[in-house]
Amino acid sequence: MITEKIKIEPEVLEAVVVRFVGDSGDGMQLTGTQFTDTSAMFGNDVATFPNYPSEIRAPQGSLYGVSGFQVHIGSVEVSTPGDNVDLLVAMNPAGLKANLHALKPKQTIIVDTDAFTSKNLEKAAYATNPLHDGSLDNYKVIEVPMTSLTKEAVKDIPGLDNSAITRSKNMFSLGMIYWMYNRSTEHTIDFINKKFKSKPQLIEANTKVLNAGFYYAETLELIPNSYTISPAKMREGTYRIIMGNTATAWGLLAAAEKAGLELFLGSYPITPATDILHELVKHKHFGVKAFQAEDEIAGITSAIGASFAGDLAVTTTSGPGLALKGEAIGLAVMTELPLVIINVQRGGPSTGLPTKTEQSDLMQAMYGRNGESPAIVLAASTPANCFNYAYEAARLALEHMTPVILLTDGYIANGSAPWKIKSVSEMPEIKNRKITDSTEKNAPFNRDPETLARNWAVPGTPGLEHRIGGLEKDSITGNVSHVPENHQTMTYIRAEKVRRVQENIPELKTEFAQSGDLLVVGWGGTYGSLYSAVKHLNKEGYDGIGLAHFNYINPLPKNTAEIFSKFKTIVVCELNGGQFASILRMNFGQFEYTQFNKIQGLPFANDELTQEFKKLI
Amino acid sequence: METTTPIPAYTFKDFTSDQEVRWCPGCDDYVILRSMQKALPDMGVRKEDVVFISGIGCSSRFPYYMDTYGMHSIHGRAPGIATGVKLANPNLSVWVMTGDGDSMAIGGNHFIHALRRNVDLNIVMFNNEIYGLTKGQFSPTSLLGQKTKSSPYGNTQPPFSPGELALGANARFFARIAGNNPKVISQILIEAHQFKGTSLIEVLQNCVIFNDGCFDSVTNKDVKEDKQIFLEHGKPMLFGKDKEKGIVLKGLKLEVVTIGENGVTLADILVHDAKEKDPTLHQMLVRLEHPMVTGVIRSYEDFTLEEREDALTAEVKARSPFTKTDDLFFSGETYQVK
Ligand SMILES: Cc1ncc(C[n+]2csc(CCOP(=O)(O)OP(=O)(O)O)c2C)c(N)n1
Ligand code: SF4
């Protein structure tokens, strides 16, 4: 541990936002992740957001090839990756140019001066070198010849090729940051040892460069101080840093185990949902059947087949893929089979903004099917609670024999945060409706009188042979029926079945003010932004502002109207043109709704929210 | 479900559901239905382990008429559903009942990929070279120039040959049969059932309403001896009333010869090897127009997808320290907050 050598008393900060930027090949994601994990283990609360180009191998040094990783670290709760940056680490001119706007005035930039060559400046469309032309006078710029210092640090290690040397320079910047924020290098050294287990030179090189960065910062007069962020007050327990998509995959694993079923995933790759497939294919040891299909339609239909045959069946996708699955979701509604459909939303319409976040698939999830075709719709709101809502989606699908659409989005799916690990034993029961008793007539079509869910008779069960399908069926026998009155009855049954899920979900809870001037309403992945904005205003003394955030969209929680009635103004904040606001108007037309919408492929920023809310009080 | 109790002695009635069959009188679909109901008792499979999955079309109503498990799904997508059923429970006998439009137009993608993967499914394609249910539009197998509701001046889209398409997609089992031959249909359904892997059976099915007589020139009683050749594995490729004609390979072409003419003897006639891995000759047989080749043309045993998956799962399980999800959750980089 090198930390012991620090002599200066560090300045204590409450929270800090650091952004690492560079070329796609500069290892910024790894640097960011290491800083995040080290800080989390130190006891900080953390929230991260990676931001990489949609081009796979953008030309080096180009503006659109910039890869970034932002992390927010706090001794207090941090609920978003932060809007404005306190420290920008820029490995090249393009990174600087594309990210400078996010840096707070007077804050610090660390640059690798070796990368500011005329060629790179030209690629980043700089007419003059920003390090010399005075354009950065408003910031504290720390110029470090990182590439040459890295080369110097490893010059005695035999057999290292040039690319290995340049690739380790991210460790130099990481070492500097560890010194600045009074962090131990121990965790990263462990990581290096594991990662390069069979390549001792790389272990030596990366460790040397990391330490070199650390010592350089220590002796450098340009960094006058070091900072620390004390541990946050977090609930006791075992934690890990988890990404939203991983949490979603793990929630499904937990649900399958709890329900005593095998997990089947039918999926087709699409950004930003693919990581759920990547995660689940790893878990063959749990018997997970992850099937990469030829397209989205085969993804969902294979899942429907697996559901018919008795597995916990899931399909994962993003907006364009959900569009393709529409007809099959209708089949699952009609056949009343349990099915979890996960849509990691991105900017639309069409291919839209594949790597950017948006909440604009809500109406698609609610209504994107032919006929009256109600499905349960849920939305996760943080990277960590993707676990809970994936689990909840499975629970509701199995208990109510119906498809459940879970909406997450690129922002929470790729973001990561501490997750207090949940053991499967702590998770709620899941009762599935499988039957084996063949004595009852029409057993597969008998409904639970309370939930209206039908029974689940799976192939292989003697005596319960039956046929299901997409044609309308008689409400009692399940035989195909075109009787007009029967269709109306069945339409009501399907709608009522989803409505009654209200009895099986928690009531809506308001945070901060329980009544007063302004109720901030949101759903899904905007939770962190809305929460920190409302918290901010409360700190400033605005105490009549409450936050009501929805995870259950169809059906809506029972007490929704009651909560709305306690506030003078209701503002519905969404990353779309007002889809949830429309749903609320349709359901609770007695209230007036103000809308705040952002449709830029970006999350809400704290400033824009607080300014808006102040106008409304 | 592994079980030791003997399989009941079923009759076709055990597989007949209480639903009224609603196809046009005279439709070959009835023949296929009855052939299936008669074949099932001889397959050695429990009723509850049989699943019929269909898409949409006249043929796709099939599952309703079987007293087994079944799903009438959406147009073209039955192979996807069936794949899910089979992967979820490999003990089931899973059948896809489909039409030429259902499987090769809207479902073309799923169809070829099912064949490529070799899941142990049995696909029965009712080929009537027309769309029946939507009342008579041309299908991907309709002939060039054929006049239909959607091609009043003649079809301009050249057709697929289902067998050629299937072999191109690496089908391991392909059979073609006439729709008016219930005994043969039953026999081949049983063979398909016994085959491990995806089996495709193309039935030349007459649609009396929209494409009546489309296969008459090869399936009619009075011409079929001369116009059809029925292949059997290990037997010479002979046809004709007295089995006097046969098929030989000349260069890169198949040729019809008559035994006794031009010095041709039985020894010159090709012997059918359905189990050959190389599909070249099977492709040539599928393409042959005179006579039309029927019977099991290809039956090459290969690993099924579920076998490959099972083996991999067992291997990963044996290597992995994880037995329950908690093991995963608490593994790797975790930390304590006190
Ligand atoms: C998505 C969709 N598109 C179109 C249809 C209409 N449709 C139903 S069956 C069919 C064609 C069926 O032809 P084929 O598969 O040859 O079966 P057949 O009726 O001849 O047995 C069509 C176009 C549909 N049901 N669903
Ligand atoms: S339309 Fe043709 S295929 Fe359909 S039931 Fe009638 S005869 Fe059979």
Side-chain angles (χ1 to χ4, degrees), chain A residues 37 40-41 43 234-241 250 253-254 257 262 264 266 283-287 289 291 293-295 297-298 300-311 313 327-328 331 335 420-425 458-471 479-480, chain B residues 1 17-19 46-54 56 63-64 66-89 91-92 109-110 112-113 309 312-313 315-317 319-326 328-330 332-338:
Chain A
D37 291 355
M41 287 177 184
M234 294 174 66
R235 294 216 330 266
E236 221 175 84
T238 309
Y239 282 78
R240 65 188 306 140
I241 303 296
W250 288 15
L253 291 175
E257 184 175 307
E262 291 191 345
F264 181 96
H283 300 300
K284 274 197 174 336
H285 41 247
F286 297 138
K289 289 164 254 181
F291 174 64
E294 58 273 26
D295 62 19
I297 301 176
I300 186 169
T301 50
S302 62
I304 289 174
S307 171
F308 182 50
D311 278 0
E327 187 189 13
L331 176 67
T335 51
K420 187 169 174 299
I421 302 173
K422 281 212 181 77
S423 159
V424 173
S425 60
V458 308
T461 318
L464 289 174
E465 292 85 0
H466 68 285
R467 274 70 54 199
I468 56 176
L471 290 172
N479 291 334
V480 173
Chain B
M1 248 163 273
S17 81
D18 60 356
Q19 299 298 296
R46 278 166 208 286
K47 202 175 134 155
E48 63 268 22
D49 291 339
V50 180
V51 185
F52 285 94
I53 308 288
S54 66
I56 300 290
Y64 292 124
M66 299 298 301
D67 196 23
T68 62
Y69 284 94
M71 194 193 302
H72 178 219
S73 73
I74 44 183
H75 199 20
R77 318 302 176 190
I81 296 180
T83 299
V85 169
K86 187 72 185 181
L87 292 179
N89 185 353
N91 295 316
L92 300 171
N109 197 25
H110 311 306
I112 56 173
H113 287 284
E309 285 284 323
L312 196 58
T313 302
E315 195 189 311
V316 175
K317 269 190 179 160
R319 267 192 281 127
S320 170
F322 300 148
T323 58
K324 49 188 194 324
T325 50
D326 277 4
L328 167 71
F329 297 171
F330 289 93
E333 279 185 358
T334 64
Y335 59 96
Q336 296 297 322
V337 172
K338 290 189 192 104

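By convention in this document, chain letters (A, B, ...) are assigned in the order of the sequence lines, proteins followed by strands, and residues within each chain are numbered from 1. Computed from heavy atoms alone, side chains included, the values below leave out hydrogens, waters and symmetry copies.
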4.5 Å side-chain heavy-atom contact, Val424(A) and Phe329(B): yes
pair Glu333(B)-Met41(A): side-chain heavy atoms closer than 4.5 Å: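 When only atoms from C-beta onward are counted, Met41(A) and Glu333(B) do touch, with a gap below 4.5 Å.
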Choice from Pro79(B), Gly80(B), Ser73(B) maximising heavy atom contacts with chain A below 4.5 Å: Gly80(B)
Partner chain A: residue of Ile81(B), Ile53(B), Thr334(B) with the largest heavy-atom pair count (under 4.5 Å):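 Heavy-atom pair counts peak at Ile81(B).
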Measuring heavy-atom distances to chain B, does [X] have an atom under 4.5 Å in its side chain, in its backbone, in both, or in neither?
X: Lys420(A); result: neither
X: Ala313(A); result: neither
X: Glu294(A); result: both
X: Ile468(A); result: both
X: Ala254(A); result: both
X: Phe264(A); result: side chain
X: Ile300(A); result: neither

Interface moiety of [X] toward chain A, non-hydrogen atoms closer than 4.5 Å:
X: Glu315(B); answer: neither
X: Lys86(B); answer: neither
X: Thr323(B); answer: backbone
X: Phe52(B); answer: neither
X: Leu87(B); answer: both
X: Leu328(B); answer: both
X: Ile56(B); answer: neither

Mind ranking [options] by heavy-atom pairs under 4.5 Å with chain B and telling me who comes out on top?
options: Ala298(A), Ala303(A), Ala306(A), Gly305(A); answer: Gly305(A)
options: Gly469(A), Gly43(A), Ala328(A); answer: Gly469(A)
options: Arg240(A), Met234(A), Arg235(A); answer: Arg240(A)
options: Thr238(A), Asp311(A), Ile297(A); answer: Thr238(A)
options: Ser423(A), Ser307(A), Gly463(A), Ser425(A); answer: Ser423(A)

Closest heavy-atom contact between [X] and [Y]?
X: Pro459(A); Y: Val51(B); answer: CB-CG2, 3.6 Å
X: Gly460(A); Y: Leu92(B); answer: N-CD2, 3.9 Å
X: Asn109(B); Y: Asp295(A); answer: ND2-OD2, 3.2 Å
X: Glu262(A); Y: Ala88(B); answer: OE1-O, 4.4 Å

Worked check of side chain to side chain contact (heavy atoms under 4.5 Å, CB included) between Met71(B) and Ile304(A): CA-CA 10 Å; Met71(B) 194 193 302; Ile304(A) 289 174; 4.0 Å; yes
From CA spacing to verdict: side chain to side chain contact (heavy atoms under 4.5 Å, CB included), Glu257(A), Lys324(B): CA-CA 8 Å; Glu257(A) 184 175 307; Lys324(B) 49 188 194 324; 3.7 Å; yes
Basic-acidic side-chain contact under 4.0 Å: Asp67(B), Arg467(A): yes
Parallel, tilted or perpendicular, as decided by the 30° and 60° cut-offs, for the rings of Phe322(B) and His285(A): perpendicular
Whether Tyr69(B) and Phe308(A) hold their rings parallel, tilted or perpendicular, with breakpoints at 30° and 60°: perpendicular
Spacing of NE2 belonging to His72(B) relative to CG belonging to Leu331(A), to within rounding of 0.5 Å: 10.0 Å
CA sep, side-chain torsions, deciding dist, call: Lys284(A), Leu312(B), side chain to side chain contact (heavy atoms under 4.5 Å, CB included): CA-CA 8 Å; Lys284(A) 274 197 174 336; Leu312(B) 196 58; 3.5 Å; yes
